[in-house]
Amino acid sequence: KIISETAFGNSDLSVWKMTFSACKSVVSLAIGMLVDEGKLDINAPICDFFPEYANPVYKIKLHDITVKTLLTMTTGSSFNEFLCMSTNAWEQAFFKSAFSLKPGSTFNYNSLNTYMLSAIIKKVSGQTLTEYLKPRLFEPLEITNYYFEKSNSNTEKGGWGLYIIPEDFAKIGQLVLNKGLWNAKRIISEEWINEATSIQIATPKQFGKYDYGYHFWSGRQTNSFLFNGMFGQNILGYKDSGILIVTNAGNDELFQQSKFFEITDKYFSGKFQKTLPKNNVAYHSLLKYSAH
C-alpha cells in the first residue's frame, strides 16, 4: 500500500527515471533466480563462462575471481566505467585488466563487476538480462514500461542504464521486503534474498552507514537493505517496520552521505505497532507539504 508519494518541481512520477547504480540490485535478483534454477554456482570462476578468453594464463591469474567476488565487489579489477569508454570489448578488457587486490578480501566498488554479471547471465541463460527477467520479474509484477541500456555486444550494462517508473521500481523493492513473494507467489527464494541483503563484506566508512551484500547495501546499525544510485536514487527497505522508501533525485551525493539516511533511520527503522493513533494535525500537514 502506498502511504504517501510526492513529486517536487517539474518531476512527473508517471514517466521513467534514471536509476544509475540502484539497478545493480536488479542484476543480483537475476543471479539469484539462476541459482534457484540450479543453473549457476556463485563459487564458479568467471573463466568457466568465457572459454574464448580463458587461456592457461588467465585460468591461473583469475582462478579466484568468481561470481561471488563480482557480487561482493571484491574482484580488485582495475577496469572501470572510465576505461570502458575507450574500448568496445568490455569482457575482454576485464580479463586483461590488472587485479591489484586479493580476490574476496577488500571492497572495491566497480560497476564493471556488475556488467560481467550481466554477461554471465547471458552466457548461462542464452538470453539477455532483460529477456531473462521479463517473464520472471517484470511480467509477474506487471511492470511494462522500462528500458535497459546495452553495450556494443548487446549485453545490458547492468551496473547502470535502467530506466523505470518509480512506483514500478518500488514493486521490486517490495518484492525484496516480502522475502521473494509477490501476491503470495514465489518469485525468488527467501534464501537468496536473505543472503543477498545480509552483510558479506565491510565497506569503508566514507561510503556511508551501509556495508555490502550481493549487490545490495546492508545496514550497519539497522535491519535494512538498500538499492542505491548516485544523485539520490534509493530503494530503502526496513525489515522490522515493513516500511519501503523510494527516492528519485538530483542531488550531489555519490553513495549514502546525505542526511536523508539519518532521518529515515530515526523514524522508520524500528518496529511499528499494528496501528497508529490518529493525528489530524500531522495528517493535514503532510497533505499540505505534498501538494507543493
Side-chain angles (χ1 to χ4, degrees), residues 17-32 42 46 49-50 62 65-101 103-104 106-123 128-130 133 146-164 169 172 196 200-201 203-204 206-208 210-218 225-235 248-250 252-257:
K17 311 292 185 183
M18 295 178 68
T19 60
F20 295 98
S21 288
C23 63
K24 286 180 170 70
S25 302
V26 177
V27 177
S28 174
L29 294 177
I31 291 290
I42 66 170
I46 63 170
F49 306 100
F50 302 94
L62 304 181
I65 307 296
T66 63
V67 176
K68 186 173 181 178
T69 64
L70 292 171
L71 283 166
T72 56
M73 296 286 182
T74 58
T75 63
S77 172
S78 62
F79 182 55
N80 54 34
E81 296 96 317
F82 178 76
L83 294 176
C84 76
M85 292 188 289
S86 63
T87 178
N88 291 326
W90 293 4
E91 294 94 334
Q92 185 178 26
F94 188 91
F95 274 81
K96 287 184 175 181
S97 70
F99 291 84
S100 57
L101 302 169
T106 306
F107 180 79
N108 182 36
Y109 192 84
N110 184 344
S111 292
L112 270 299
N113 288 323
T114 321
Y115 175 77
M116 292 302 293
L117 290 173
S118 181
I120 287 170
I121 291 164
K122 188 176 177 182
K123 287 276 188 175
T128 66
L129 174 64
T130 304
L133 285 178
Y146 58 90
Y147 174 75
F148 224 132
E149 294 177 8
K150 294 181 179 179
S151 70
N152 285 345
S153 63
N154 197 40
T155 301
E156 283 86 349
K157 294 176 180 178
W160 72 98
L162 175 64
Y163 298 77
I164 191 169
F169 211 21
I172 300 175
Q200 301 291 337
I201 190 77
T203 68
Q206 65 264 25
F207 278 85
Y210 287 78
D211 287 321
Y212 211 65
Y214 293 160
H215 270 44
F216 284 87
W217 298 89
S218 184
F225 64 82
L226 173 68
F227 303 50
N228 178 246
M230 66 179 185
F231 306 142
Q233 322 323 312
N234 297 294
I235 297 180
N248 170 255
D252 61 356
E253 70 178 278
L254 293 180
F255 292 97
Q256 305 105 40
Q257 296 103 342

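All values below come from the heavy atoms of this structure, side chains included, with hydrogens, waters and symmetry mates left out. Counting begins at 1 with the first residue of the sequence.
- Side-chain atoms of Trp90 and Ser153, non-hydrogen and from C-beta on, never get closer than 4.5 Å to each other.
- Under the 4.5 Å side-chain criterion, counting only non-hydrogen atoms from C-beta, Met73 is in contact with Thr114.
- Between Leu133 and Phe148 there is no side-chain heavy-atom pair separated by less than 4.5 Å.
- Using modelled atom types, one finds a donor on one side chain and an acceptor on the other under 3.5 Å when comparing Thr74 with Thr72.
- Looking at Lys123 and Glu91, their side chains never come closer than 4.5 Å, going by heavy atoms from C-beta outward.
- Taking the side chain as every heavy atom from C-beta outward, Phe227 and Ile172 approach each other to under 4.5 Å.
- The backbone N or O of Asn154 sits less than 3.5 Å from a side-chain atom of Lys122, completing a donor-acceptor pair.
- At a threshold of 4.5 Å between non-hydrogen side-chain atoms, the residues Phe49 and Met116 do not count as touching.
- Under the 4.5 Å side-chain criterion, counting only non-hydrogen atoms from C-beta, Phe20 is not in contact with Asn228.
- With hydrogens and angles disregarded, a donor-acceptor distance shorter than 3.5 Å links the side chain of Ser28 to the backbone of Tyr214.
- Ser78 places a side-chain N or O within donor-acceptor distance of the main-chain N or O of Ala98, the cut-off being under 3.5 Å.
- The side-chain hydrogen bond (donor to acceptor under 3.5 Å, both in side chains) test applied to Asn108 returns no partner, not counting sequence neighbours.
- For the pair Asp211 (side chain) and Ser218 (backbone), a donor-acceptor distance under 3.5 Å is absent.
- With Phe255 as the fixed residue, the ring pair (Phe, Tyr, Trp, His ring centres under 6.0 Å) test singles out one of Tyr109, Tyr210, Phe231: Tyr109.
- Shown are Val27, Asn110, Leu117, Ile42; of these, the side chain to side chain contact (heavy atoms under 4.5 Å, CB included) with Leu70 is made only by Leu117.
- When ring centroids are compared, Phe225 and Trp217 stay outside the 6.0 Å threshold.
- No side-chain donor-acceptor contact under 3.5 Å links Ser111 to the backbone of Glu81.
- For the pair Glu156 (side chain) and Thr130 (backbone), a donor-acceptor distance under 3.5 Å is present.
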- Item | Stepwise ring pair (Phe, Tyr, Trp, His ring centres under 6.0 Å) test for Phe94 and Phe99 | CA-CA 10 Å; Phe94 188 91; Phe99 291 84; 5.7 Å; yes
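- Checked against a 6.0 Å centroid threshold, the rings of Tyr212 and Phe207 do not count as neighbours.
- Of the N and O atoms on the side chains of Ser77 and Ser97, at least one donor lies less than 3.5 Å from an acceptor on the other residue.
- In this structure, Gln257 and Gln206 approach most closely via the heavy-atom pair NE2-O, 3.5 Å.
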